[in-house]
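Everything on this sheet refers to the single structure shown next.
Because the structure is a prediction, the values reported are computed rather than measured.
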Amino acid sequence: YLYAVKLDRAQLGLGLVSLIICIGLASALWHHNQSVLGDLLDTLAIAGFAGLTAFFLLRQILSVRSHRIFAFTIVAAIALILEHMPLLNGSLGYVFLFAVAIVTLLLVAKRITDLIIVIAALLFTALILRTFDIAWCEQFPHGTHFLWHIVIAAAAASLSVFLLRYCKN
């Protein structure tokens, strides 16, 4: 039994790292070519990581499968609606998702931890970078969007550590 749990955690860790790498590669492809394929791969990689993360977090706090599906659907629908609102340079969906993520992490951990504080700080920093990206791009010759990607990758890595540390089975 202990071997199976370790194997599951190893597989989860490998899956999360693989998805983070896929996000980086797909995003690089999208920003380099701005093709439909790059956009699709970028979106699918991000959705895969977010979906896997949400699945494991929701499984920790909601015991009934239909409740998990309902919660996931509602959160995704609200985020998609907010994403299309022109507030905060299109970052309103992220504000909502990041807030839901932090609340969910607190529910899973049942207390404030250093790791949750790090994740929250990274998500907040990433949100600032993404929100002001267009305004700051004129001041910097290479733009600032890459900073959003670096910080969000660090947040994804920290979130992966949280999942491996706090999620049972």
Side-chain angles (χ1 to χ4, degrees), residues 16 19-62 67-109 112-113 115-140 142-163 166-167:
L16 291 168
L19 285 169
I20 292 170
I21 291 169
C22 287
I23 291 169
L25 293 173
S27 185
L29 176 65
W30 160 240
H31 286 293
H32 183 264
N33 294 341
Q34 296 207 351
S35 66
V36 174
L37 177 63
D39 186 30
L40 178 65
L41 292 174
D42 189 35
T43 302
L44 289 175
I46 293 167
F49 181 84
L52 186 64
T53 301
F55 170 78
F56 279 99
L57 288 173
L58 288 173
R59 197 167 79 171
Q60 302 305 304
I61 59 174
L62 297 173
H67 293 172
R68 291 192 299 261
I69 293 169
F70 179 75
F72 181 82
T73 303
I74 294 299
V75 168
I78 292 170
L80 287 172
I81 291 167
L82 292 175
E83 179 184 10
H84 295 290
M85 292 184 170
L87 302 169
L88 299 176
N89 190 27
S91 297
L92 195 55
Y94 288 110
V95 171
F96 174 71
L97 287 176
F98 293 171
V100 169
I102 298 304
V103 168
T104 306
L105 295 176
L106 290 168
L107 289 171
V108 169
I112 296 175
T113 67
L115 187 53
I116 292 174
I117 292 170
V118 166
I119 293 168
L122 287 168
L123 292 176
F124 181 73
T125 303
L127 184 63
I128 289 172
L129 290 170
R130 188 184 189 290
T131 302
F132 295 106
D133 180 41
I134 291 174
W136 292 343
C137 279
E138 294 178 12
Q139 282 82 25
F140 300 97
H142 299 291
T144 59
H145 192 72
F146 72 96
L147 295 172
W148 148 262
H149 286 280
I150 291 169
V151 175
I152 209 68
S158 300
L159 188 54
S160 298
V161 169
F162 181 92
L163 288 172
Y166 288 95
C167 289

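Rounding to the nearest 0.5 Å gives a distance of 4.5 Å between CG of Leu105 and CZ of Phe162. Atom CG of Leu92 is separated from atom NE2 of His84 by 12.0 Å, given to the nearest 0.5 angstrom. Residue Thr125 holds its OG1 atom at 15.5 Å from CZ of Arg130, rounded to the nearest 0.5 Å. Rounded to the nearest 0.5 angstrom, Leu62 CG and Phe70 CZ are separated by 11.0 Å.
Proximity of Ile61 to Val108: side-chain heavy atoms (C-beta onward) are separated by under 4.5 Å at one or more points. Within the 4.5 Å cutoff, side-chain heavy atoms of Leu106 are placed close to those of Ile102. Side-chain atoms of Ile23 and Phe49, non-hydrogen and from C-beta on, do get closer than 4.5 Å to each other. For the pair Leu82/Val95, no side-chain contact is recorded, criterion being any heavy-atom separation below 4.5 Å from C-beta on. Under the 4.5 Å side-chain criterion, counting only non-hydrogen atoms from C-beta, Leu57 is not in contact with Leu107. At a threshold of 4.5 Å between non-hydrogen side-chain atoms, the residues Ile152 and Leu123 count as touching.
Taking each heavy atom of Ile20 and Ser160 in turn, the nearest pair found is CD1-OG, 3.7 Å.
For Ile112, the CD1 atom is loosely surrounded, since the number of other residues' heavy atoms within 6.0 Å does not exceed 12. Counted within 6.0 Å of CZ on Phe55, heavy atoms from surrounding residues, nucleotides or ligands total more than 12; the atom is thus considered enclosed. The environment of CZ in Phe124 is sparse: at most 12 heavy-atom neighbours from other residues, nucleotides or ligands sit within 6.0 Å.
Using the six-membered ring where Trp is involved, Tyr94 and Phe98 have ring planes that are tilted, between 30° and 60° apart.
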